[in-house]
Number of protein chains: 2
Amino acid sequence: MSVEAVTGEAWGDITPDAARRLVIAAVQAFAERGYHATTTRDIAGRAGMSPAALYIHYKTKEELLYQISKVGHLRSLAMLAEARDSEGSAAERLATAVRVFVRWHAEHHTTGRVVQYELGALAEEHHAEIVALRRQSEDAIRSIIKDGVTAGEFDVPEISGTTLAVLSLCIDVARWFNPLGRRTPDEVGALYADLVLRMVRATD
Amino acid sequence: MSVEAVTGEAWGDITPDAARRLVIAAVQAFAERGYHATTTRDIAGRAGMSPAALYIHYKTKEELLYQISKVGHLRSLAMLAEARDSEGSAAERLATAVRVFVRWHAEHHTTGRVVQYELGALAEEHHAEIVALRRQSEDAIRSIIKDGVTAGEFDVPEISGTTLAVLSLCIDVARWFNPLGRRTPDEVGALYADLVLRMVRATD
DNA sequence: CGCGGAGCTGAGCAAGCGCTTAGAGCATCC
DNA sequence: GGATGCTCTAAGCGCTTGCTCAGCTCCGCG
């Protein structure tokens, strides 16, 4: 799976058409108002159907959130794992990971907002599953940083803390990114890759 | 006003006692479940009174959120402004700003969570007021970074983008910080101050 | 002692919520 | 050409929500 395929528009492979329209509507609504402030009537309305039609495709409103959260987290993990497993120095791989991850959070900041900030609304078992995926993402970043330290490429105060900070920095892009602002997703990705390399004092 | 006074426990000066208990209860509930998922019955219950009693002290549930958000933002702004106006090099002032700001978000991560992540639930006029305060906080950080660049102490790719990243990094601490985790607020503050100085390539 | 106001409660209202049900429309199959 | 199954709607059920209100208690004051 290429980075481009991963960063491409999501939801394309959800069928039938009505189910896909519902997910897209739910992402927009959840991102704008938050999960709890969004009504099933609103989601159905945005998707162009009656409230009852939602329940033919999804058992509950929470299942919609779960679907969105799962797809988003799998996508994030795929991006980070691919960067970790790619060729090149630790600095190159870390820069790629941050650039791609940040670009995705900027480009798909509505999806990102739901994925990163609404997971508290998930049912307990779904929440546990998502948390496991998040831990894997964290491990991917930590692994690259550890490689860099081992190879003498990086100099960090603490591997775990630095990992947390890098991840946090990238994730929070979904919160503040504004598509009408000055910066394009590509520019934010490049800027953040630079800043992160500075944080680990990469020797290029 | 000293940094210690600013970082001290909040809500101490709210009277009467019942009103203070309500704010504290609301902070806990909003932080745990989010504003929209919290009921006025829950808040009143945590404060040890009947649902109706809430409305003697606050006109609406939103006013409670506004109170919390306003106090938190004023406190944040006071911390950052004090660091900006303090004596010392730009590096020292930036490190102080980050250390204090991050420590507060870790120590008061429940309040921080509400302050930073629930402002979308504010009424329009309240929201506008809070956004203005946030802009001032951003300006404080930007001002320190600009000073450092002008003095030749810092080397950053872009002042505005770096400001955004530093602020974002600090704010997001409220989301992930766990008081049962390995790191104390002091440690996170010190780590983050270090990482931020690396981001601006401070020459000490 | 009587009074008044502040703080609070129990009961409950109107509105909106997630979700269900009965049945319509419309293809596809025997 | 009738039966079947899928998608969808109109209507609405049962419940919870934010908030209100009449009335209680308590306490300081004259």
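Protein chains get the first letters and strands the later ones, always in sequence-line order, with residue 1 at the start of each. Quick caveat: nothing in here was measured; it's all calculated off a predicted structure.
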Undergrad: Looking at B:R41 and D:dG18, is any side-chain donor or acceptor paired with a base atom of the opposite kind under 3.5 Å?
TA: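 Result: at least one qualifying N/O pair found.
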Undergrad: What is the separation between atom CZ on B:F30 and atom P on D:dG18, rounded to the nearest whole Å?
TA: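 Result: 9 Å.
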Undergrad: Could you tell me the separation between the NZ atom of A:K61 and the P atom of D:dT16, rounded to a whole number of Å?
TA: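 To the nearest whole Å, that distance equals 16 Å.
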Undergrad: Could you tell me the separation between the CZ atom of A:R175 and the OH atom of B:Y117, rounded to the nearest 0.5 Å?
TA: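 Spacing of CZ (A:R175) from OH (B:Y117) equals 5.0 Å.
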Undergrad: OP1 or OP2 of D:dG18 sitting under 4.0 Å from any side-chain N/O of B:T40?
TA: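 For D:dG18, OP1 or OP2 has a side-chain N or O of B:T40 closer than 4.0 Å.
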Undergrad: Rounded to the nearest angstrom, tell me the gap between atom CG in A:D42 and atom P in C:dC17.
TA: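 My rounded result for the distance is 9 Å.
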Undergrad: Which one, C:dC19, C:dC8, D:dT9, comes nearest to the side chain of B:A18?
TA: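 Out of C:dC19, C:dC8, D:dT9, the nucleotide with an atom closest to B:A18's side chain is C:dC8.
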Undergrad: Nearest to the side chain of B:I56 - D:dC8, C:dT9, D:dC19?
TA: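 The answer is C:dT9.
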Undergrad: For the side chain of B:T39, starting at C-beta, report the closest nucleotide among D:dT17, D:dT9, C:dG7.
TA: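 Closest nucleotide to the B:T39 side chain: D:dT17.
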Undergrad: Under 4.0 Å between a side-chain N/O of B:H57 and OP1 or OP2 of C:dA6, yes or no?
TA: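 It does not, given that no N or O in the side chain of B:H57 lies less than 4.0 Å from OP1 or OP2 of C:dA6.
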Undergrad: Take atom OH of B:Y58 and atom C1' of D:dG18, then tell me their distance rounded to the nearest Å.
TA: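 Answer to the nearest Å: 17 Å.
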Undergrad: Side chains of B:R134 and B:Q116: donor-acceptor distance under 3.5 Å anywhere?
TA: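 Present: a donor and an acceptor within the cut-off.
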Undergrad: Of the nucleotides C:dC8, D:dT20, C:dT21, which one has an atom closest to the side chain of A:A52?
TA: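 Closest of the options to the side chain of A:A52: C:dT21.
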Undergrad: Do B:K59 and B:E63 sit within salt-bridge range, that is, some charged N less than 4.0 Å from a carboxylate O?
TA: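 Result for this pair is yes, salt bridge flagged.
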Undergrad: Between the side chains of A:R46 and A:D42, is the shortest nitrogen-to-carboxylate-oxygen separation below 4.0 Å, so that they form an ion pair?
TA: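 A:R46 and A:D42: salt-bridged.
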Undergrad: By nearest heavy atom, map B:G48 and A:A37 onto DNA chain C; which one lands nearer the 5' end?
TA: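 On the 5' side of the pair lies B:G48.
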Undergrad: Specify the separation, in whole Å, of atom CG of B:L54 and atom P of C:dG10.
TA: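 So the two atoms are 15 Å apart, to the nearest Å.
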Undergrad: Please check if any side-chain donor atom of B:Y66 sits under 3.5 Å from a side-chain acceptor atom of B:E129, or the reverse.
TA: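 Yes.
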Undergrad: Nearest whole Å is fine: how far is D:dG18 P from B:L22 CG?
TA: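 Going from B:L22 (CG) to D:dG18 (P), I get 14 Å.
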Undergrad: Expressed as a whole number of angstroms, how long is the span from B:L64:CG to D:dG18:C1'?
TA: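 Distance, rounded to whole Å: 13 Å.
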Undergrad: Out of C:dT20, D:dT20, C:dT9, which has the shortest distance to the side chain of A:Y55?
TA: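 My answer, after comparing the listed nucleotides, is C:dT20.
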Undergrad: Can you check the B:R20 CZ to C:dG7 P distance for me, whole Å?
TA: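 Taking atom P of C:dG7 as the reference, CZ of B:R20 is at 14 Å.
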